[in-house]
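Note that the structure is a prediction, hence the values are computed from the model and not measured. First listed ligand is number 1; within each ligand, the first listed atom is number 1.
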Amino acid sequence: MGESGVPTIDLQEFPGQKLRRACEEWGCFRLVNHNISLTLMADMKRVVRSLLDLPFDVKKRNLDVIAGSGYMAPSQANPLYEALGLYDMGSSQAVETFCSQLDASPYQREVIEMYAKAIHGVAKDVARKLAESLGLSGDYFESWACQFRINKYNFTPETIGSSGVQIHTDSGFLTILQDDENVGGLEVMNPSGVYVAVDPVPGTLLINLGDIATVWSNGRFRNVQHRVQCKEATIRISIASFLLAGGEEVEAPPELVDSEHPRLYVPFTYEDYRKLRLATKLQAGEALELKRIES
Ligand SMILES: O=C(O)CCC(=O)C(=O)O
Ligand SMILES: [Fe+2]
C-alpha cells in the first residue's frame, strides 16, 4: 500500500481476491509489473509533452471523432487544463490521422503506435482479470473501443491551491493513467468518502474504474470519483487511456444477476450514456441514477 492507501496490484501474480476487493472498495489501484517498458513510458512522455507544446492553431486540428474526443482548450470549468485526444486507439488508421493532424515526425509516430498497442494490450489484460475476479471467463472486451487522451496542466505559482480538473468519474469501463512521475495533484475519493492525494510512483500505472464498470459488474465495482488540484508551480502532464465499452448495449452478464443481485441498470449504449452525461452535465457518476431500474 502506498501513502494514500490506494491498493497495489501486481499483474504477474494471481491477484483475484485482492483485485476484487480493490475494485469493490476503492475503484482504483496502482498497477506494478505491467510489462510496459520504462523506456517506452519515458519516450511517450517526451513525445506527448512536445505535442501539447504545439501552437494552438495546430492543436485545434485534432477534431472530435465522438463527442469530446479531440482537442479540449482551457475552459471556464477547467482553465488550467487542456488535452489532445484520439479515438479509437485500437485502430491504426485513427492513430495515423491523429499523427497527421499534429504533423508528428516519423519518430513520434513510431512511439505513439508502440505505446497505443502496448497500453491497449494491458487494458484488455486488466479487464479480463477483473472479470476473472468475479468468477467470469471469456472474451468480453476484445472489440471494445479505446480512447486516448493526453493532458496538460498549465500550473504556475499563482494557481497553487486551485483546481486542475474538477471532480468527476470516468465514463467508460477502466482507465489506465500514466500520471506525471514528478508532479503530484491527483486526488481520489477513498472508501470513507475522503479525498486523498495519490502521490506519483515512477514506473507504475494507475487504474481507475468508471461508470461502465459499475453497470457491467451489476453494482459491484466502484466508479471512483477523482480530481486534480494544483499543488506545485510546474507544468503537469498525464496520459490517459480509456477502455470504454463495446458497440452493443452495456449490461451485466447473466452470471452476475440473480435473486440476491437483481439487475440494477437498464441496458444502454455507451454512446447514449456519453450524450446523457454531456447534456445533463452530471460528471461524477450521478447520471447512472437516471439509468437505474426502479425496485
Ligand atoms: O491527470 C490526471 O492525473 C487525471 C486525469 C483524469 O482524471 C482524466 O483524464 O480523466
Ligand atoms: Fe478522470
Side-chain angles (χ1 to χ4, degrees), residues 2-4 6 26-31 41 44-45 48-49 51-52 62 64 66-75 77-87 89 115 119 123 146-155 159 162-189 195-214 221-232 234-245 270 273-274 277-278 281-288:
E3 197 84 316
S4 58
V6 171
W26 281 80
C28 70
F29 52 89
R30 275 251 170 240
L31 191 66
M41 286 174 75
M44 185 62 180
K45 177 84 183 295
V48 159
R49 186 181 285 268
L51 294 180
L52 285 161
N62 172 218
D64 281 359
I66 57 170
S69 73
Y71 179 61
M72 280 200 269
S75 65
N78 297 306
L80 307 179
Y81 169 81
E82 62 180 314
L84 290 162
L86 157 58
Y87 178 92
M89 74 190 272
Y115 189 88
I119 284 280
C146 209
Q147 183 192 346
F148 179 62
R149 193 162 70 209
I150 56 185
N151 303 312
K152 180 181 187 184
Y153 301 86
N154 296 294
F155 291 162
T159 66
S162 54
S163 163
V165 157
Q166 61 196 139
I167 292 174
H168 68 281
T169 59
D170 295 340
S171 62
F173 185 77
L174 69 79
T175 307
I176 301 189
L177 188 70
Q178 180 179 335
D179 51 342
D180 197 302
E181 76 278 25
N182 302 311
V183 189
L186 178 64
E187 298 184 349
V188 301
M189 191 190 268
Y195 277 96
V196 292
V198 180
D199 295 327
V201 183
T204 69
L205 297 166
L206 191 79
I207 309 290
N208 285 335
L209 301 190
D211 296 354
I212 296 299
T214 300
F221 290 163
R222 179 175 188 243
N223 48 345
V224 64
Q225 293 185 17
H226 54 286
R227 65 181 177 194
V228 176
Q229 294 285 106
C230 173
K231 304 229 172 104
E232 299 172 52
T234 315
I235 300 284
R236 181 173 183 278
I237 301 280
S238 68
I239 307 173
S241 308
F242 305 94
L243 184 65
L244 298 176
Y270 176 71
Y273 185 65
R274 200 169 162 113
R277 276 189 38 141
L278 281 172
K281 297 201 164 67
L282 297 172
Q283 297 297 323
E286 313 91 332
L288 277 187

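Shown here are the side-chain hydrogen bond (donor to acceptor under 3.5 Å, both in side chains) partners of R277, two or more places apart in sequence or in another chain: T169, D211, Q283.
Both the sub-6.0 Å distance and the 45° axial angle are not jointly satisfied by R149 relative to the ring of F242.
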Short N or O contacts of ligand 1 with protein, under 3.5 Å, listed by atom name?
from: ligand 1; atom 1: 1 (O); to: Y153; atom 2: OH; distance (Å): 2.6
from: ligand 1; atom 1: 1 (O); to: R236; atom 2: NH1; distance (Å): 2.9
from: ligand 1; atom 1: 1 (O); to: S238; atom 2: OG; distance (Å): 2.6
from: ligand 1; atom 1: 3 (O); to: R236; atom 2: NH1; distance (Å): 3.2
from: ligand 1; atom 1: 3 (O); to: R236; atom 2: NH2; distance (Å): 2.8
from: ligand 1; atom 1: 7 (O); to: H168; atom 2: NE2; distance (Å): 3.1
from: ligand 1; atom 1: 7 (O); to: H226; atom 2: NE2; distance (Å): 3.1
from: ligand 1; atom 1: 9 (O); to: R149; atom 2: NH2; distance (Å): 3.2
from: ligand 1; atom 1: 9 (O); to: N151; atom 2: ND2; distance (Å): 3.2
from: ligand 1; atom 1: 10 (O); to: R149; atom 2: NH2; distance (Å): 3.4
from: ligand 1; atom 1: 10 (O); to: H168; atom 2: NE2; distance (Å): 3.2
from: ligand 1; atom 1: 10 (O); to: D170; atom 2: OD1; distance (Å): 3.1

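Listing protein N, O or S atoms at distances below 2.8 Å from the Fe ion (ligand 2), with waters left out, gives H168 NE2, D170 OD1, H226 NE2.
A side-chain N or O of S238 and one of N151 form a donor-acceptor pair less than 3.5 Å apart. There is no side-chain donor-acceptor pair under 3.5 Å between Q229 and Y195. Between the side chains of S171 and Y270, at least one donor N or O lies within less than 3.5 Å of an accepting N or O. Residues Q178 and Y115 bring a donor and an acceptor atom of their side chains to less than 3.5 Å of each other.
A salt bridge between E181 and R236 is absent, with no side-chain N of the basic residue lying under 4.0 Å from a carboxylate O of the acidic one.
Atom-to-atom distance recorded for C230:SG and N154:CG is 10.5 Å, nearest 0.5 angstrom.
Within the structure, no pair that satisfies the salt bridge (charged side-chain N to carboxylate O under 4.0 Å, His left out) test touches residues 163-177, not counting sequence neighbours.
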